Amino acid sequence: MSDAPGRYPTLTLRARRVLTPDVELETTDIAIVEGRIASVAAARPAGRVVDLGDRIVVPGFVDLHVHGGGGAQVNAGSPAEVAAAVRTIAAAHVRHGTTALVPTTVSDSRERLVTAVRGIAAARDDADGPTVLGAHLEGPWLSPQHAGAQDPSALRPPSLGEFADLQAAAPGTVRMITLAPELRGALDVVRAAAAAGIVVSVGHTDADVDTARAAADAGATHATHLFNAMPPLHHRAPGAAGAVLTDSRVTVEVVADGHHVHPAVLALVAAAAPGRFVAVTDAMAATGLPAGDYHLGNRAVRVAGGRVTLLDAPDTLAGSVLTMDAAVRTLVGAGVPLAAAVAAATRTPADAIGACAKGRIAAGTDADLVVLEPDLTIAAVLTRGRVAHDPAGLFRGETGQTG
Ligand SMILES: [Zn+2]
């Protein structure tokens, strides 16, 4: 690293409540040295001590499914445009506690998806701000019956050749692929992707329970926005939703905005899949901007009342304007215990993609931290030990503060 001295301040957060999130600690010092957590213990400070009073410290949020924010979307025309968009998206979401993200494409031409992977790889090299963990390709290998807001003309059958092109675009960058396992050739791609260490997620699918289980047997380990863009859970035809909810190998993500999934069902998922449920935003470009008309990929959408819908099909949800802090509050409002809600936004998604230095507060992990007010709004956000957002003014004058 070529960082100048002082860019990584030595600092201690002293808090009465720390959710690691496996355990809740009382009156703890989180000592931060060189961007990492040096120790988590009572009365073991390093450097300047910032007393957070009755605020709550949790790990930085990890968003596995995010298309946009701050007016930008991942899909774009050149690698430089994609990289710039990813930086804008990260800057919009870090204000809401996201310290690591997997920028997510929507279905597009092969050429533009290769471009997106290259651009995400370029954005990944940034040392500042939230960590870009790689690319999530949501499509193009999705069910036409459950396209949701994806462009139907961009959907196509899974192809090992296209998979190889996307891998070659920037080796090691593709981290997740959402696909419909019932499509011809899908299981071959599942096996190839899983063998390459990519998380394969079942989504935008018409699969029945047996086909979804076969996908997990082939190596799929995640499910994309459970209940959305798949048949509903029926007691005689449980479908992909029933398959993944009952499969301990699979983590299930929910768009926890209270619109995509009813709060009662959010609580049901939390109870049915403890330690396996993940909150995502599925956020689009307008996240952080006022209500109005925007684009998701090349589709015109309208943002009103916290919902995003297709302009030409107002009953179809088209991504969200959700942020991770709001997701945690929605889960808690739905009756999910705070520690479980925090785990769904931190450790569980980090572990789901093997990012074990993220999503937890423990010695040796990255100092990605969120300080919450008692009402669960954001008081401060640190990315690798640097103050990225400080609306409460807790770190005024701290070295490394970026705004
Ligand atoms: Zn999405």
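Keep in mind that this is a model prediction, so the values were computed, not measured. Both counts, for ligands and for their atoms, begin at 1 and track the order of listing.
- By the ring-ring contact (aromatic ring centres under 6.0 Å, His included) test, H96 is found to be paired with no residue, residues two or more places apart in sequence or in another chain being considered.
- Residue V74 forms a side-chain contact (heavy atoms from CB on, under 4.5 Å) with just one option from T104, I89, V106, D108, and that option is I89.
- Only protein N, O or S atoms were scored, and 4 of them lie under 2.8 Å from the Zn ion (ligand 1).
- Looking at residues two or more places apart in sequence or on another chain, you find a ring-ring contact (aromatic ring centres under 6.0 Å, His included) between H67 and H65.
- The pair D366-K358 meets the salt-bridge criterion, since a charged nitrogen lies less than 4.0 angstrom from a carboxylate oxygen.
- For R44, there are no side-chain hydrogen bond (donor to acceptor under 3.5 Å, both in side chains) partners, not counting sequence neighbours.
- There is no side-chain donor-acceptor pair under 3.5 Å between T205 and S143.
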